[in-house]
Amino acid sequence: MSTLRLPAVLLAVVFALAFTACGDDDDGGGGGGGGGGGATADAEQVGAANPTGDVTWCIGKDTSGAFNTVVDNFNEANPEANVELLELPTSADDQRRLQIQRLRAESPQCDVLGMDVIWTAEYAAQGWLLDMTEAVEQQGDAFIPSTLETAKYEDKYWAFPFNTNAGFIYWRTDQAGDQPPDTWEAVYQQGRQDDGFIYQGARYEGLTVNFLELLYSAGGNVVNEDGSEATADSEEVRNVLEFMRKGVDDGAVPKAVTTYMEEESRRAFESGRATFMRNWPYAYALGKESEIADDFEVTTFPSYQGNPGAGVLGGYNLAISAYSENPEGSRAFIEFATEPEQQVIQATEASLPAVVSDVYDNPRVIREAPFARELRDAVEQAKPRPVSPVYPQISEAIYNNVYAALQGDKSPDQAAQDMNDDIQQALETF
Amino acid sequence: MEAATARLGRRRSGGRRYGSGERRLALGMLAPSMIVIALVAAYPIGYAIWLSLNEYSVRVPGLSRFAGFDNYSEAFASTEFWQAVTVTFMFTVISVGLELLVGLGMALAMHEAFRGRGILRTVVLVPWAVLTVVSAITWRTIFEPNLGLAPQVLSTLGLPGADVVWLGEEGYSLAVMVLADVWKTAPFMALLLLAGLQVISDDVYDAAKVDGANTWQRFRRITLPLLAPAILVALIFRTLDALRIFDLPYVLTRGSNNTTTLSLLAHQELTSNRLIGYGSALSVLTFVIVMAVSFLYIRTVGGNIRSLTEDTR
């Protein structure tokens, strides 16, 4: 009685605390494929003429209400079908986690998947999506060509583009004049003279995007055409890393960017602490309500080393789950949601940039987003991030090494070499 | 107490006669909780271990292969893993150490009788009640370069550190992490220690005063030894928690500037990179490390607690 069996009690506590560390929210990756081929044939046979049945659309939270509007419009136009919206969390990481959880369990719950463009290859490789090549080829002309590239993996189309995105240079008209700089070099140089250029330099996906925008402008890439070999140990990569590093060293870029994500950069720009900012179009409307509302404009990426500027595509694609019990209805809904009329609603109500070119000339869209035509230019000149089932690892290899170069932990040469090795290793993942 | 022991003793001695029946009854009554423990704790752990011995393809649907201990040897061979181990232990030692000091101070203050003590005891727990993720986002905002509260206060007061990009420098990032953790969990530590303080009888202090012991002597010779069991329990709780730290580095730095902890690394490999085998191996290793540390505590410290409790008898 006097000894309170303390060790045993503590051990139990330890056990209870420790096992929660062993998060395994994935199952064994059980057989995913199989269903794909057969169901595709079904989807191809049935035209979208008269859709019936239930369809569940799983996409991120409908913060503006525009997703619900599209769903209502569809249900009204198709009385025999019923689409329901299943809202996933706001954060893209959580959306992906929840979708993958369902797909691994072969759950038929989600018929239509709203995927960040960078997940398309991964989902397609795992056999979680139906082949939509035939459907895309029927409708393909309507889309801005660059946006279709994000839906392509191994020469097949696995999704329809739903909305897109591309970065802008925001510049202060009261500091840098009425004309934006026409080269990246000038952005940095003028930034050094005035209050600097800021971008998303924290160690995360955003840094990958910021780096690739410069690299694409320089005419380089981190993987070869078919995504089988790393090509990061190149002159272009070294050059861009050197350029970014020098920006931090000589004060054109404040050291603080190494902690900036989108929101931090936006706040710093709005508080008047930078002459130039790279950000997504969402910062425009918010900026027009800030102190510097009348003192900034946006422009597409300038040229770099004599090459035309190029951006990186964001946005979401819509695909049909391989486990859907209603692929015909799903396809009908996807086609409906990407029609110009519905795209206008997305663009005006939710500020989601359309994937159909004509939408950018629509007066309602221009009233809502005065930069609409610049945005179309930006989207047209943008390219997808490396299309690969191991994209998350490729991106990690990029942002880790770019960050190390920015921080001065690695020389640009070393960072390029390590990036190449890490990407090559990622590409060889089992 | 005596009577209870006696009763127990009798029953134990009579156990032989009713043994099998009672034992069966005991087993039957224990079974439900054992089954629950097996389902909730043992199964996931066993499954994670199984996953860690396999490799699951990220490119071919449904393909997997048995990998033996390959995932483990890969972890041991990677600098990332050892860096994460170092960071995790550094964070644990520094933050738990500081929490003990701050928590002890708070507990001693709250133990004194004064007006509003009840309110203070409640208020002090507020940081503990705030979700770690929420407080991490708050700290991230506080240390935002130029615009955050911390750089502005530092520059107004003319103190060094105003121009430092806190979450963008090695060392400084870890410091913010430790600060955020101490702010949140020192009150918890204080509460555990306060409970320990309250069971120490006033008579002991009175006797010491009569013998002429000063405040320091009373603290050193009475409070600390009698508080030791509570301190050790609090240390164990906090150490095990700190070794698994995930939310703070995830929100504050995303693991940059050498703040990638073991849990963060495992999360990255498991959910982002979908390397289920390797990620599970990292989780299992985290588990093993936490287990090892707790065994160490129990071996060295558990015995001490027993002898301490016996000493005071």
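Protein chains get the first letters and strands the later ones, always in sequence-line order, with residue 1 at the start of each.
The distance from atom OG of B/S272 to atom CD of A/E205, rounded to the nearest 0.5 Å, is 8.5 Å. The distance from the OG1 atom of B/T271 to the CD1 atom of A/I100 is 8.5 Å, given to the nearest 0.5 Å. Taken from CG in A/L406 to OG in B/S256, the straight-line distance is 11.5 Å, to the nearest 0.5 Å. Rounded to the nearest 0.5 Å, atoms CG (B/N54) and CZ (A/F430) are 9.5 Å apart.
Of the atoms belonging to A/E263, not a single heavy atom falls under 4.5 Å from chain B. With a threshold of 4.5 angstrom between heavy atoms, B/V164 does not approach chain A through any atom at all. Looking at B/E144, only its side chain comes within 4.5 Å of chain A, counting heavy atoms on both sides. The part of A/Y399 that comes within reach of chain B is its side chain, from C-beta onward, which places non-hydrogen atoms under 4.5 angstrom from that chain. Contacts of A/A426 with chain B are made by backbone atoms alone, with heavy-atom separations under 4.5 Å and no side-chain atom involved. Contact annotation for B/T239: neither backbone nor side-chain heavy atoms come within less than 4.5 Å of a heavy atom of chain A. Looking at B/R140, the atoms closer than 4.5 Å to chain A (heavy atoms on both sides) all sit in the side chain, from C-beta outward. Neither the backbone nor the side chain of B/I49 comes within less than 4.5 Å of any heavy atom of chain A.
Each of A/N400, A/L427, A/D93 has some count of heavy-atom pairs under 4.5 Å with chain B, and the biggest count is that of A/L427. Heavy-atom pairs under 4.5 Å with chain A peak, among B/R65, B/E55, B/E170, B/H267, at B/R65.
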field: Stepwise side chain to side chain contact (heavy atoms under 4.5 Å, CB included) test for B/I276 and A/R104
entry: CA-CA 12 Å; B/I276 294 153; A/R104 281 186 170 284; 2.9 Å; yes
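Environment of CG in A/D226: crowded, with over 12 heavy atoms of neighbouring residues, nucleotides or ligands closer than 6.0 Å. At most 12 non-hydrogen atoms from other residues, nucleotides or ligands lie less than 6.0 angstrom from OH of B/Y172. Heavy-atom contacts from other residues, nucleotides or ligands closer than 6.0 Å to CD of A/Q425 number 12 or fewer. Within a 6.0 Å sphere centred on CG of A/D249, other residues, nucleotides and ligands contribute more than 12 heavy atoms.
No side-chain donor-acceptor contact under 3.5 Å links A/Q407 to the backbone of B/N257.
Across B/P145 and A/T259, no two heavy atoms sit closer than the pair CG-OG1, 3.5 Å. Minimum heavy-atom separation, A/Q126 to B/P61: O-CB, 3.2 Å.
Considering only heavy atoms from C-beta on, B/R274 comes within 4.5 Å of A/E122 through its side chain. Within the 4.5 Å cutoff, side-chain heavy atoms of B/L275 are placed close to those of A/Q393. In this structure, the side chains of A/K255 and B/E169 come closer than 4.5 Å at one or more pairs of heavy atoms. Contact of the B/N273 side chain with the A/P392 side chain is registered, since non-hydrogen atoms from C-beta on lie closer than 4.5 Å.
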Residues 245-254 of chain B, side-chain donor-acceptor partners within the protein, below 3.5 Å, at least two apart:
unit_1, atom_1, unit_2, atom_2, d
B/T253, OG1, B/P249, O, 3.3
B/T253, OG1, B/G255, N, 3.1
B/T253, OG1, B/T259, OG1, 2.6

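Residues of residues 266-277 of chain A having a heavy atom under 4.5 Å from any heavy atom of chain B, listed by number: A/R267, A/A268, A/S271, A/R273.
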